[in-house]
Amino acid sequence: MAGALIIDGKARAQALRAEVAAGVERLKAARGVTPGLAVVLVGEDPASQIYVRNKAAATRAAGMLSLEYKLSADAAETALLALIGELNRRGDVHGILVQLPLPAHIDARKVIEAVDPAKDADGFHPLNAGQLASGGRAVVPCTPAGCLILLKSVRADLAGARAVVLGRSNIVGKPMAQLLLNENCTVTIAHSRTRDLPGLAREADILVAATGRAQMVKGSWIKPGAIVVDVGIQRVAAGEGKTRLVGDVAFAQAVEVAGAITPVPGGVGPMTIACLLQNTLEAATAAAGGR
Ligand code: GUN
């Protein structure tokens, strides 16, 4: 019998998006301000094109202004930096997101640092990363923020839990670890050089998988009753020329062992966009003089 509670990220994200839309209406009524999010895509990466389209549609659905900028794959770094400078100055733009990855000839760090930290809808600027690490007022990266909401929907108080984060990216692994530490978890960040990954994962009351490796986490890696959050999303062959989406966790095995688990799709993915909208609303609210 499949014992795990399957965490409904789609429903939680819908609820958050509705909350954000209500907040947008309040801000418009109270201050006459419409939150604006600018999304910048460089190149034609098919996955990024889909993400950007979905982000723009969600932005409009929340009642916000959505601006989309598409630069060609060979656009100069200086052109991208000039665009960011312009967006930093615009009064109707409260959030800026540059879709990653960027083409190899562009220095992603330089681009991230060029975004005004107050408009950094992704929370990737080093000032926001530092604020998160030092317990200050940070814009929190969207994917880990969404993961934390899902975790807390199952276990409101995470204090004392052993948390293992698989993956150390700036986008997910590191900020996830900081958020869990802020929740008073005992946190371990594991990565490709970690010894005995299965053994370490089995110690976790909370296991967040963000490795980017399809179905890497087996049922035998999971402590019975653990909460498992799967950040991965990959398309794999499903026979007869068909494909299906899978995460970093071997779901069919994991669901037999875990206490609660996020599915793929319908888990973390929808939360990421909802948290992006929330970050944009918060930036617009702050720009309008706060609540
Ligand atoms: N590429 C993959 N995930 C993300 C994200 O959360 N933000 C941006 N800007 N690019 C990404």
Side-chain angles (χ1 to χ4, degrees), residues 9 13 16-17 37-59 66-71 73 75 77 80-81 83-84 87-88 93-104 106-117 119-129 132 138-150 165 167-179 208-214 229-235 245 247-248 264-265 267-280 282-283:
L16 180 53
R17 283 172 62 166
L37 175 65
V39 177
V40 182
L41 174 64
V42 185
E44 280 97 38
D45 177 66
S48 291
Q49 283 177 327
I50 294 170
Y51 291 142
V52 164
R53 202 179 315 137
N54 289 342
K55 286 170 185 175
T59 304
S66 168
L67 299 170
E68 275 181 82
Y69 293 86
K70 294 192 174 146
L71 278 59
E77 185 181 278
L80 178 57
L81 293 173
L83 172 61
I84 293 170
L87 295 172
N88 283 343
V93 171
H94 306 97
I96 301 169
L97 179 150
V98 181
Q99 186 65 30
L100 302 178
L102 287 165
I106 294 178
D107 182 348
R109 181 179 292 273
K110 226 190 228 178
V111 171
I112 289 166
E113 290 182 14
V115 174
D116 178 347
K119 295 191 176 187
D120 175 28
D122 264 324
F124 293 167
H125 191 285
L127 186 92
N128 283 312
L132 181 62
V139 181
V140 179
C142 309
T143 299
C147 291
L148 185 65
I149 292 171
L150 294 181
V165 179
R168 57 174 154 180
S169 71
N170 290 337
I171 295 180
V172 184
K174 284 183 215 165
M176 185 77 246
Q178 295 292 353
L179 286 171
V208 180
T211 65
R213 296 178 63 168
V229 173
D230 190 349
V231 178
I233 185 152
Q234 308 251 4
R235 194 165 281 286
L245 292 172
D248 292 349
V264 176
V268 172
M271 290 303 294
T272 296
I273 292 189
C275 289
L276 172 67
L277 302 178
Q278 189 176 43
N279 281 350
T280 305
E282 282 181 9

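We count ligands from 1, going down the list as the structure has it; atoms in each ligand are counted the same way.
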(message) To check your reading of the model: name the closest protein heavy atom to atom 4 (C) of ligand 1, its residue, and the distance in Å.
(response)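 Of the protein heavy atoms, Gln99 NE2, 4.2 Å lies nearest.
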
(message) Students should be able to answer this: which protein heavy-atom is nearest to atom 10 (N) of ligand 1, and at what distance?
(response)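 Residue, atom and distance for the closest contact: Leu100 N, 3.0 Å.
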
(request) May I ask you to list the atoms of ligand 1 that are less than 4.0 angstrom from any heavy atom of Leu97? (result)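 Checking each atom against Leu97, I get 9 (N).
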
(request) State whether the shortest distance between N or O atoms of Val98 and N or O atoms of ligand 1 falls below 3.5 angstrom. (result)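 Yes: some nitrogen or oxygen of Val98 is under 3.5 Å from one in ligand 1.
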
(request) Examine the proximity of ligand 1 to Phe124 and report which part, side chain or backbone, both or neither, has a heavy atom under 4.0 Å away. (result)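 The part of Phe124 near ligand 1 is the side chain, not the backbone.
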
(request) Only heavy atoms count here, so choose which of Val231, Asp122, Ile112, Val39 is nearest to atom 7 (N) of ligand 1. (result)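 Ranked by closest heavy atom to atom 7 (N) of ligand 1, first place is Asp122.
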
(request) Going by the side-chain contact (heavy atoms from CB on, under 4.5 Å) test, name the single residue among Val52, Val111, Leu87, Ile84 that passes it with Val40. (result)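 Single pass found, and it is Leu87.
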
Does [X] reach the side chain of [Y], with side-chain heavy atoms less than 4.5 Å apart?
X: Asp230; Y: Val268; answer: no
X: Asn279; Y: Pro141; answer: no
X: Leu37; Y: Leu276; answer: yes

(message) I'd like to know whether CZ of Arg109 has more than 12 heavy-atom contacts from other residues, nucleotides or ligands below 6.0 angstrom.
(response)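 Counting neighbours around CZ of Arg109, 12 or fewer heavy atoms of other residues, nucleotides or ligands fall under 6.0 Å, so no.
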
